[in-house]
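Notes to accompany the following structure.
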Amino acid sequence: MTDVSKHALNAQIPEQPPCTLDVRDLRTHYKTRAGVLKAVDGVSFKVRPGRILGLVGESGSGKSATGFSIMGLVDPPGAVVGGSVIFEGEDISAWPESRMRKLRGDRIAMIFQDPMMTLNPVLSIGTQMIETLLAHRKMSKEEAIERSVDALAQVGIPAARERLSAYPHEFSGGMRQRVAIAIALLHSPSLIIADEPTTALDVTIQAQILSEVQKLVRAKNMGVIWISHDLSVVSALADDIAVMYAGRIVEQGPVSRVLSYPAHPYTRGLISSVASNNPPGQRLKQIRGAPAQLMNLPRGCAFAPRCDYADAQCEEAPPGITHLDKQHQFRCFHPLR
Amino acid sequence: MQTESFIAGEATRGIQPEPIIEARSLSLYYPMPKRAPSVRAVHEVDLEIQQGEVLGLVGESGCGKSSLARIMAGVRQASSGEIRYRGRPLAGLTGKEKIQAKLQIQMVFQDPFASLNPRMNVGEIIAEAPRLFGLIKTDESAFISEQMERVGLDPAYRLRYPHQFSGGQRQRIGIARALAVNPSVLVCDEPVSALDVSIQAQILNLFMDLREQLGLTYLFISHDLSVVRHLADRVAIMYLGRIVEQAPAREIFERPNHPYTQALLAEMPRIVTRQRTFSPVEGELPSPSNPPKGCHFHPRCPKAMPICKEVMPKLEDIDTGHLSACHLNEKTG
Amino acid sequence: MNSQPLARLVQAFLVMLAMTVIVFIGIHLIGNPVDILISPEADQMERDRMMSTFGMDKPLWTQYGIFLMNALQGDLGTSFVYNLPAIDVVLSRLPATLELALVALLLAVVIGIPLGLYCGLRPDSPVSRFIMAFSILGFSLPGFWMGLILIMVFAVELGWLPSTGRGDTVEFLGVQWSFLTWNGLSHMLLPAINLAMFKLSMVLRLTRAGVTETLSTDYIKFARARGLSPQRIVGVHVLKNIMIPLVTIIGMEFGSTVAFAIVTETVFAWPGIGKLIIDSINVLDRPVIVAYLMIVVSLFVLLNFLVDLTYYALDPRARRGGRA
Amino acid sequence: EDLSIALGSSITSLDPHFANNSPNKAVARHFFEALIAFDPDTNLVPALATSWKRISDTEWEFKLRPDVKFSDGSTLTADDVVVSFERAPAVPNSPSSLGLFTRSIAQVKAVDPSTVVIETKYPDPLLPHMVPEILIIPAELKDAETGDYNSGKSMVGTGPFVFQAYTPGDRLIMKRNENYWGDKPDWDKVTLRFITNEATRVAALLSGDADLIENVSPNLMDRVKGGNFSIVQSPPALPVYIGLDVGRDETPFVKAKSPDAGANTNPLRDKRVRQALSYGIDREAISEKLMQGTTAPAGQMLNSSLFGASPNVTAPKYDPEKAKQLLAEAGYKNGLTLTFHGPNDRLTNDSRVVQAIAQMWNRIGIEAKAEVMPWSVYFPQTGKREFSLYLISSGAISEMGTALNSVVVTHDPKNRRGVNNRGRYSNPEIDELVNTSFQTLDDDKRRAMLEKASELAFEEMPVIPLYFYSFSIASKKNIVYKPRMDQFTLAQGAKLTK
Amino acid sequence: MKMRNDTDAGNGAAAVAVVKGESPWRQSMQEFCESKTGVAGLIVFVIMVLAAIFASWIAPQDPYDLNQLDILNGNMPPGTVAAGSYTYLLGTDPQGRDIFSGILYGLRISLSVGVGSALFACVIGSLLGLIAAYAGPKVEAAIMRIVDLQLSFPSILVALMILAVLGKGIMNVVIALVLVEWAYYARVARASAMVERSRDYIAAVECLSIPRWRVIVRHLLPNCLPPLIVIATMQISRAIALEATLSFLGLGVPVTEPSLGLLIANGYTQMISGQYWICLYPGLALVAIIVAINLVGDQLRDILNPRNRK
Ligand SMILES: Nc1ncnc2c1ncn2[C@@H]1O[C@H](COP(=O)(O)OP(=O)(O)OP(=O)(O)O)[C@@H](O)[C@H]1O
Ligand SMILES: Nc1ncnc2c1ncn2[C@@H]1O[C@H](COP(=O)(O)OP(=O)(O)OP(=O)(O)O)[C@@H](O)[C@H]1O
Ligand SMILES: [Mg+2]
Ligand SMILES: [Mg+2]
Ligand code: NI
């Protein structure tokens with residue numbers, strides 16, 4: 001990231017309400033046998049209270065890695081190797097594990113993709129909720145139970161009190177995901193990172209969860225990072241959108257701006273390859289080639305091999321961040337107009 | 001909707017007196033261990049597909065789409081009911097004839113990782129069956145090259161193994177394997193749902209191209225209405241092992257009849273540029289081993305009537321070629 | 001869940017039936033116990049008398065039929081050698097073996113699980129590499145050889161522990177047990193270690209594998225994302241999950257522990273059923289062999305049942321899954 | 001003082017009449033006694049009878065020791081003796097009945113409470129050798145069952161020890177009988193432990209678990225000698241020999257390599273072959289290298305110190321040249337191929353001896369293979385004549401007549417002759433000598449006949465005697481023990497040095 | 001072709017430069033070579049196998065030829081120079097058998113018993129397991145009940161009884177071990193075949209009407225092989241140890257042709273009396289081979305375990 005762009009980002013702060021999360025130039029690398037894999041490579045974005053940031057990108061583009069880096073949960077052989085994560089004014093990227101632990105589940109909560117796998121199958125829902133409460137607050141068991149019942153009721157689980165003693169396998173996928181959301185909400189965190197939480201769910205159930213989340217975020221004024229590969233979900237839910245490709249955010253800005261006037265060819269490719277944006281029966285507009293392999297990225301723009309506009313410049317060096325306006329920015333030498 | 005020429009053209013070309021493949025009151029029960037009630041994955045389903053037609057099958061997870069697809073493709077035996085290929089029941093055929101008929105119906109699977117034998121290279125995967133049934137008239141390597149090129153794979157990769165390919169490429173291999181025996185019907189079980197967004201479009205385009213080139217007939221399964229809308233001539237909606245609505249694609253998207261279809265349409269994913277408020281169907285999907293009495297959809301149906309709790313509605317014609325199973329129709333009609 | 005125990009019983013019954021047939025035929029093929037037991041100076045009359053006493057004069061199938069009839073009435077025959085009901089002979093030796101196997105298993109669990117946990121949590125530390133290397137030895141060393149080395153080192157050279165036999169016993173629940181006295185325990189230590197070595201390595205490796213696998217699951221990551229302490233994650237989330245496969249394996253392995261006690265009992269002169277069965281095979285004491293196998297199989301069935309029960313207790317999926 | 005003895009084999013029952021097997025008999029002798037007994041050197045000595053004499057050709061009178069008390073307090077009477085002699089041969093289910101020892105007895109009569117007369121069916125010079133085998137139990141307990149003995153309920157005897165506890169397969173604990181009529185043992189409490197594995201047994205001694213162990217394997221002798229222990233050996237007694245299949249024209253495991261015309265189809269039928277085999281064995285080497293001197297080379301069935309053994313028969317010296325020559329004379333100058341069988345879990349170092357002998361035969365131009373198997377498989381097959389040459393032993397025997405009658409006399413099981421003559425050797429002259437000896441009451445005449453028979457027999461080599469094995473007993477330095485010829489290890493024989 | 005321009009899959013993933021296929025087996029081999037201990041185990045194993053194969057050339061004595069043995073040379077300590085020409089490197093046993101030669105020949109027997117029985121058991125067991133998984137429920141029930149029966153017998157007992165019936169001999173030991181072990185393979189083969197057959201690639205070949213036997217042999221078997229290979233390596237060492245134990249208990253190979261186990265069993269009494277070499281060196285050889293096999297097996301398990309790979 002260049003000095004100019006850093007300056008530009010900083011300059012925005014006084015005009016906006018203070019942000020919940022400010023990620024700057026985050027880098028997370030995996031050291032594998034075949035070499036260093038740059039899963040997150042200089043990612044910067046902000047999340048403000050009461051707003052939802054949609055993070056979209058194809059599989060392996062580094063969305064989850066970004067989420068885990070913020071949480072400090074990158075497992076070896078991976079590690080956060082650079083950048084800062086400023087949460088409510090404090091840089092938490094260098095905090096020791098013990099301090100991060102206090103934060104996790106309390107001020108920052110995370111929801112995972114697969115509802116079948118995120119809850120421990122051998123512990124009851126109640127146990128898992130109560131232990132989360134007791135890990136952060138001194139309270140009696142009864143209080144914890146009450147609190148859990150409230151949280152379950154909040155996400156629309158009927159007969160919440162009886163359900164506390166149930167085990168995960170006794171719930172359907174949608175209900176499990178709601179339980180996971182309830183656990184995330186237990187301490188009213190100021191930031192929720194939702195990592196593709198509805199991907200594994202059916203359309204009708206997904207809609208239920210999305211509406212639940214929408215209501216809660218509005219009510220509690222939380223900041224949310226909503227990770228998804230599904231542009232349509234993000235478009236319907238988020239306020240802002242960041243499009244990731246090969247470990248970088250190639251375009252970000254308010255949803256309406258980015259989707260109506262995409263600047264990056266990749267963004268546009270994504271939008272136009274969605275079936276519903278094409279007339280039935282006709283060939284879809286497609287992005288050619290296969291998604292970039294993080295292991296051996298080209299020297300220049302990672303998207304260049306698939307890009308119709310790529311030229312020699314694109315193959316030389318990766319493009320920097322260009323600000324279209326205060327909120328809308330992208331990385332491309334040949335933005336679409 | 002500007003261009004309907006494609007569908008129209010197909011439709012006029014395709015309608016023939018006899019469907020190429022039909023299902024007659026197919027059922028499939030999975031027996032459960034320990035005397036638990038068996039799962040009714042497919043329940044008395046009737047379906048016919050005309051030559052050259054694309055039938056889209058839509059439904060939520062666990063409603064029996066894959067089960068139906070497997071029966072149609074001959075991978076599984078139905079518990080009851082029969083499949084007819086060009087009017088002849090498959091069960092009645094024997095020997096060579098049976099193999100010939102079975103080869104005419106091929107399948108493409110959802111998971112491109114699991115559907116290829118990891119210990120065979122691409123050439124072997126594609127050529128195994130044609131070699132066995134003597135379908136390779138020319139040189140084998142030329143045959144493989146031809147098959148690979150047809151689905152957009154570089155023939156130079158014929159010695160590679162599946163793990164060296166990306167998801168989209170694997171799906172192409174799966175398609176090439178199916179096409180190598182010159183089938184006329186392709187059963188596609190969610191062939192794009194495991195793929196990346198940018199690859200989905202490539203594969204869907206491939207399907208459309210192949211249909212054009214080879215005159216294939218598709219049973220195209222998806223949980224994604226927008227994909228089906230794009231591809232299908234006719235759409236069947238499945239809920240808990242039954243078909244609840246079936247109509248030409250345009251009809252179903254413009255005039256959905258069944259409340260479930262309506263709910264699905266309302267939630268159909270599409271890109272909007274403004275935040276939406278969701279107003280979803282309430283309630284969970286019931287378990288197929290213990291479906292609700294009467295109309296399976298009644299516990300979640302906003303328009304449920306007392307009769308819905310008791311009597312299972314029949315799939316009936318409400319318009320030419322538009323079938324629906326809902327008590328509301330009886331009342332009005 | 002209802003039909004399960006019944007099916008098990010039927011199965012066990014069939015196993016026993018098959019086994020008795022095998023034993024009858026097998027022993028018939030090996031030789032006639034009378035020839036081994038009879039005094040070398042005995043004459044033909046004496047031999048004939050013994051043949052009829054043991055029922056050996058009848059055709060094999062008649063012998064088997066008679067055995068079955070008696071077995072149905074709970075009589076497995078009288079030992080040719082000991083002149084006592086075979087079942088009593090076996091039962092009188094059973095506690096010694098059981099307690100040895102139990103202590104061995106206990107050692108394996110008490111030592112194996114913590115070490116396995118450690119190795120799973122710190123897979124790259126030199127200590128856990130050492131432990132893993134050691135576990136390969138535990139896997140590999142033939143039991144009898146290790147037993148001898150143990151005796152040589154601890155009993156003969158160092159003189160710390162008694163080498164052989166069972167120590168003082170105390171009666172408890174009508175059976176003599178030696179683990180209740182200090183002397184008894186000290187006698188049991190070496191054989192138990194010998195017997196435990198293999199299981200210990202196995203438990204250790206299973207635990208490590210389980211920990212490694214569990215640690216990589218989403219629910220552990222989720223638990224960390226909830227801010228739970230490492231103690232709670234390891235002590236509750238990980239442990240509870242690895243207990244399920246462990247209990248199954250340990251339960252099943254108890255049977256083979258009892259079987260492998262044959263070697264340990266031979267080396268350490270431990271008066272259990274292992275030694276008994278070897279002796280009985282040596283003199284073709286058919287009733288005892290049959291009784292032994294019956295009891296061992298019953299033990300297996302019982303153990304499997306117990307494992308199932310624990311399984312139901314530990315794994316909620318199994319618990320309600322059956323009912324749903 | 002307590003004493004812990006490790007025995008080499010476990011017992012099958014505590015019932016003194018249940019089975020005719022050495023471990024049982026040895027253990028029973030701690031609790032029970034017979035009218036007369038063998039001392040360690042196999043001399044007959046008074047026990048419960050103070051004196052005995054022959055009162056006619058078929059009648060023997062025994063005077064009972066007065067005031068002998070059973071451990072339950074009752075006094076020994078002649079009735080007890082009568083009952084014991086009745087019960088001994090008739091224990092139900094006995095695998096090897098003591099009837100063997102009472103077969104010549106017609107009747108046992110209680111003349112008065114302290115006099116017993118035993119009447120035999122025919123003149124039996126060996127009766128005094130049989131009487132020590134029958135241990136005396138109280139008359140009331142004549143219906144006691146095996147289980148009652150094992151639980152201790154019926155363990156009522158007159159012996160130097162009284163029963164305390166028994167764990168089958170593990171140990172037997174006993175206390176000194178404070179009312180014992182004779183010399184009271186030095187030990188307050190004795191534990192007999194059954195440790196069948198020889199190394200484990202030695203380890204028990206080395207680690208102090210046992211004070212005295214029986215049957216120290218020669219392989220372990222060095223270790224025991226090296227330690228702070230004393231080791232004593234019984235006189236060499238147990239005869240070990242090679243059985244030969246001489247009784248038929250074809251034998252499965254010996255084949256001649258291009259025999260001369262007229263040579264026997266079964267080479268073993270030729271005396272010269274048998275002698276050659278015997279000369280081909282280096283008995284000294286076996287004794288030294290394999291047995292650590294615990295064996296004495298044998299030339300006949302019994303050690304020359306025993307009754308009836310001929311002083312003129314010595315063990316053949318190792319002479320490979322002579323062996324080759326004899327083979328050639330017999331028409332087998334190209335040698336033989338043979339397989340020599342043996343057990344691997346019965347006799348001390350049995351499998352090593354089998355291999356060593358096969359090695360030695362290889363040096364006299366015989367292609368010999370060795371094969372060993374567990375006793376349970378091996379033994380029945382020897383009886384069925386399935387081997388040609390096989391290693392075997394005939395228990396401890398005290399007298400030549402019995403030995404020859406069992407092994408050499410023509411096979412006739414109906415009349416109890418040649419019961420263990422598995423090779424079916426037959427020589428009327430020997431048969432005659434042995435038979436007459438059994439009816440001769442005069443010991444000197446009897447001895448002469450038996451010596452003659454033995455000389456005749458081992459010129460012929462119906463079996464090849466190898467060696468006499470002596471048991472070794474090791475103990476802590478402060479214990480003295482005189483080993484017994486009959487190889488019973490008895491706690492009363494162990495004394496504490498002052 | 002029309003589509004090639006825009007969809008040719010080559011360009012995206014062409015990053016993986018090889019056009020030639022790298023078979024999964026070869027890939028596994030490469031991964032295997034990355035573990036030092038695994039490779040060390042393999043090297044030791046190979047050396048020992050070679051030593052066993054060429055035993056008759058390496059060994060100064062044929063320890064199985066009674067003609068070459070003399071009890072007068074018995075119990076010589078290591079390094080003794082014999083009356084003949086060669087030195088007893090590792091001493092002799094009471095039979096006068098050169099321990100070094102004995103180890104080489106014993107290795108041959110132990111290895112052939114271990115490998116032979118593991119191989120036979122693997123073939124029989126896997127075949128039955130695959131058939132059970134792929135044939136109808138009746139066949140499956142029958143096979144699996146037999147497997148249960150077999151597994152509920154303690155292995156050592158089965159071997160004891162079989163050997164008691166069959167008598168000694170290397171072939172009989174192998175038969176006994178095969179009878180003991182086949183059930184493990186059957187169970188594993190069936191379990192992994194059950195998993196594999198539910199995968200779509202099996203459905204795909206069924207859809208292509210490929211004959212059953214071909215499905216089993218060409219598709220199911222190669223994919224069930226990794227777990228089978230892993231247990232096969234483990235079972236080889238188990239078989240070697242079990243054979244040693246049987247020899248210790250007096251059943252097993254013939255005394256005149258001792259395996260490692262029998263050498264140990266023969267020498268262990270001497271151990272206590274100080275003639276350590278008779279038992280120690282064969283013991284070390286036995287431990288070395290078993291540890292080597294286990295190291296190889298461990299590494300194989302790590303790389304063949306589907307969970308450990310993507
Ligand atoms: N433990 C790991 N070791 C090595 N590479 C890893 C590891 N975890 C993730 N990666 C790599 O990091 C990159 C980013 O992964 P990430 O999980 O963030 O992708 P994602 O955008 O969340 O994809 P998806 O949509 O599939 O969840 C991928 O290329 C992945 O292969
Ligand atoms: N082999 C099986 N044994 C038992 N039940 C099965 C089996 N396969 C499928 N089922 C059950 O049958 C029902 C229908 O399954 P099916 O796979 O046909 O659904 P689907 O519509 O394809 O779902 P999805 O969208 O998740 O692929 C489900 O409830 C499923 O749990
Ligand atoms: Mg992800
Ligand atoms: Mg499906
Ligand atoms: Ni349109």
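Each chain gets a letter, A, B and so on, in the order its sequence line appears, and its residues count up from 1.
Judged purely by atom type and a 3.5 angstrom limit, C:E213 has no side-chain atom pairing as donor or acceptor with the backbone of C:G210.
In terms of heavy atoms, A:S228 sits closest to A:V233 at OG-CB, 4.5 Å. Residues A:L237 and A:W226 come closest through the heavy atom pair CD2-CD2, 3.4 Å. Minimum heavy-atom separation, A:L185 to A:R147: O-NH2, 3.8 Å.
The part of A:I183 that comes within reach of chain C is its side chain, from C-beta onward, which places non-hydrogen atoms under 4.5 angstrom from that chain. Looking at A:N120, both its backbone and its side chain come within 4.5 Å of chain C, counting heavy atoms on both sides. Neither the backbone nor the side chain of A:Q113 has a heavy atom closer than 4.5 Å to any heavy atom of chain C. Both the backbone and the side chain of C:R224 come within contact range of chain A, judged by heavy atoms closer than 4.5 Å. Only the side chain of A:M71 comes within contact range of chain C, with heavy atoms under 4.5 Å apart. When heavy atoms are compared at a cutoff of 4.5 Å, A:A184 does not approach chain C at all.
Ranking A:R104, A:H187, A:M117 against chain C, the residue ahead of the rest is A:R104, based on heavy-atom pairs under 4.5 Å. Ranked by non-hydrogen atom pairs under 4.5 Å with chain A, the options C:D218, C:I244, C:T214 are led by C:D218. Looking only at heavy-atom pairs under 4.5 Å with chain C, the residue among A:E97, A:M100, A:H136 that has the most is A:H136.
Stacking of A:K63 on the aromatic ring of A:F68 is not recorded, the 6.0 Å distance cut-off and the 45° axial limit not both being met.
Using a 4.0 Å cut-off between charged side-chain N and carboxylate O, A:E170 and A:R163 make no salt bridge.
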- List the steps and the verdict of side-chain hydrogen bond (donor to acceptor under 3.5 Å, both in side chains) for A:T28 and A:S69. CA-CA 7 Å; A:T28 300; A:S69 306; 2.6 Å; yes
